[in-house]
Amino acid sequence: MSKPLVMMLFTLALLMPALYRRYRRRTGNALAVYNTKRGRLIIAATASLVVIGLLGGIAMATDGDKDGSKTGVPAVSGTQAPPKPIDEQINDVATQSEKNRVSINITWLMLGGILVLFMQAGFALVETGFTRAKNAAHTMMMNMVIFALGVVGWFICGYALMFGASDNSATVGLSPLGSAFHIGKWNVLAHSGFFLAGKAYDVSVLGFFFFQLVFMDATATIPTGAMAERWKFSSFCVWGLFASMLLYPIYGNWVWGGGWLSQLGAQGPKLGHGALDFAGSGVVHAMGGVAAFWGAKILGPRVGKFNKDGSANAIPGHHLPMAILGTFVLLVGWMGFNGGSTFAGTDLRLTVVIVNTILASAFGCLSCMFVMWRKFGKPDPSMTANGLLAGLVAITAPCAFVAPWAAATIGIVAGWVVVAAVLWVERKAKVDDPVGAVAVHGANGLWGLLALGLFADGTYGAGLNGVAGTVKGAFYGDVGQLWAQLVDIGVVVAFCSLMTIAFFTIMKKTMGMRSDQAHEISGLDMPEMGAMAYPDFLEAQGPVFYPVEAVGSEIDLTGPGLREEVGSR
Amino acid sequence: MMKVEGIFRPERLGNVTAELEHAGFSGFTVSDVRGHGQSPEATGEYRGQSYQLHVAHKLAIEIIVEPKEVEQVVGAIVRGARTGNVGDGLVTVSELSAVYQIRTGAPAGAATNGATKQG
């Protein structure tokens, strides 16, 4: 009834321009389009007819799903098929619901991965904010390029070595791509899925590849902060490939890829559930932090950091707002880092994970701030930002296994640990770490691994690493779990130290790690990058920034000069 | 021609220029400078390490005037910049052997300054 009416209105609307053209031809006044009363009337009428027609059409669209009851229901075809037998229908339902479960899990995995990817921005802002303006382009560039280098290394062999044999069929439908190298019954390294070729060209594998890729990138970028302002860029590029192709995947395989550290619970000494690290306090952060420590130590301090008597000087960063913005970007990204590590949106423990993460960060921030305030008289912004990150790093391993009160406790301790570690690195170890990467990621990564072995409360983790029962820490009766964590701590420190000392020493002996000292003093932006982060902020640099015209032309210093010429224009 | 230079607290710039304009002088140059005078050094705290800011931020103003206007200009700067605390800065007066205007290339006399002169 009303549909024809709307059709008529639309036809009229379409006819309007034609009528108008006829009217214009008749009046012969081409300029009178908008200026005559009649012309304006016709335009207004056309417009209102179009609007009325559209609104009417929308209102009549009975096909829309207004209450959500029809969306996702299979469409009924004209000739209804005879009803299937009931068991077949139940089968269909089961198939579809399993598919939905995996889809929800993969969606959550992707969302988490995307959030973690954004943490690269956070790292870049924090590190650049804590360093000096003359090196800002260099520091930013390291943080951007590490992403690309990491992707390449991870694509070539990183993923294959770490996860080629891992089995996540229960969550994201990922079955192992191949078996692992093993010594006896201990797996030491996977080796399937190089270049994502063959069986690895698979939706589940690629989803998992992406999620794990962004974690690896976090590890690789941590040392760039500790070694900022003096690391030769070419040498840094080699680090990016080393970290993503060898350093991270090997240890990562031992904990996350079904390797021997994760097997400690199911066989051999039967320690708890084996080494556990929910989202990577050890695999990602302790690894990056320990590498950062040796990198900064072998590279040596920045010019002017330490005095002859060994006392340290403050070298304030150039942009605290940038660093604090970066801290918040990292905080948001961490929701995906920890929350996404359930690998499953259907695993509702993820809310506990996220709240624990938030609690630890807030308590870490406050405890660090109050320690600094008390000890040095001011609530140091850069250290408070480190404290917030320290809480996040520390809760990363235990976040799924502990109660909220324990998360808060872990955060408070993390705030103390980060202050103690910053002072230790600078005053005892005499290592120059401009951004506090060793303290935030190294020290608190290890604290996070330990905290899991202490505070895990037995409410989660049934069957993890092939061990029956939930995960309990020493305070809840399973000392074996604490031992597993201690073994893990020993292994990550020893393995990472060994690898990075060897790598950085070789780099130093061969291509050289350190920027030219003159370049370091003038700032690495121009000599190494060829571009300054902030050219406009600096004083005039002559021909570097402004073109030079003819030099040495005669200038009349007596007469009226250009006055006439200017005046005559 | 004479040059009057003043070094004063950055936050007094508005007062100094207002005083100068009130006295009829609208041509001057202001630059950012760092210096050390009688005021105590500020102490910063960064990541558990305290450090001294050896130099403090000040502004410098330069104004080129006729000898007979010097007193007026000095008075305007002092009035505008004074807070009465240590670190208020100082004013110096020096004689210039020549002044040229870049636009015309001509030796500049009174044309360099003074709304009073150029109207």
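To find a chain, count down the sequence lines: A is the first, B the second, and so on, and within it residues start at 1.
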Open item on the list: Around atom NZ of A:Lys378, are there more than 12 heavy atoms from other residues, nucleotides or ligands closer than 6.0 Å?
Closed with: no
Open item on the list: With a strict 4.5 Å heavy-atom criterion, list every residue of residues 86-96 of chain B that contacts chain A, or say none.
Closed with: none
Task: Part of A:Val418 within contact of chain B (heavy atom distance under 4.5 Å) - done: neither
Task: residues 35-50 of chain B: residues contacting chain A (heavy atom under 4.5 Å, by number) - done: B:Glu45, B:Tyr46, B:Arg47, B:Gly48, B:Gln49
Task: Contact origin within A:Pro434 toward chain B - heavy atom pairs under 4.5 Å - done: backbone
Task: Other residues, nucleotides, ligands: >12 heavy atoms within 6.0 Å of B:His57 NE2 - done: yes
Open item on the list: Take a 6.0 Å sphere around CZ of B:Phe8 and say whether it holds more than 12 heavy atoms from other residues, nucleotides or ligands.
Closed with: yes
Open item on the list: Surrounding CZ of B:Arg34 (heavy atoms of other residues, nucleotides or ligands, distance under 6.0 Å), is the total greater than 12?
Closed with: yes
TODO: Would you mind checking which part of A:Asn386 comes under 4.5 Å of any heavy atom in chain B, side chain (CB onward), backbone (N, CA, C, O), both or neither?
DONE: side chain
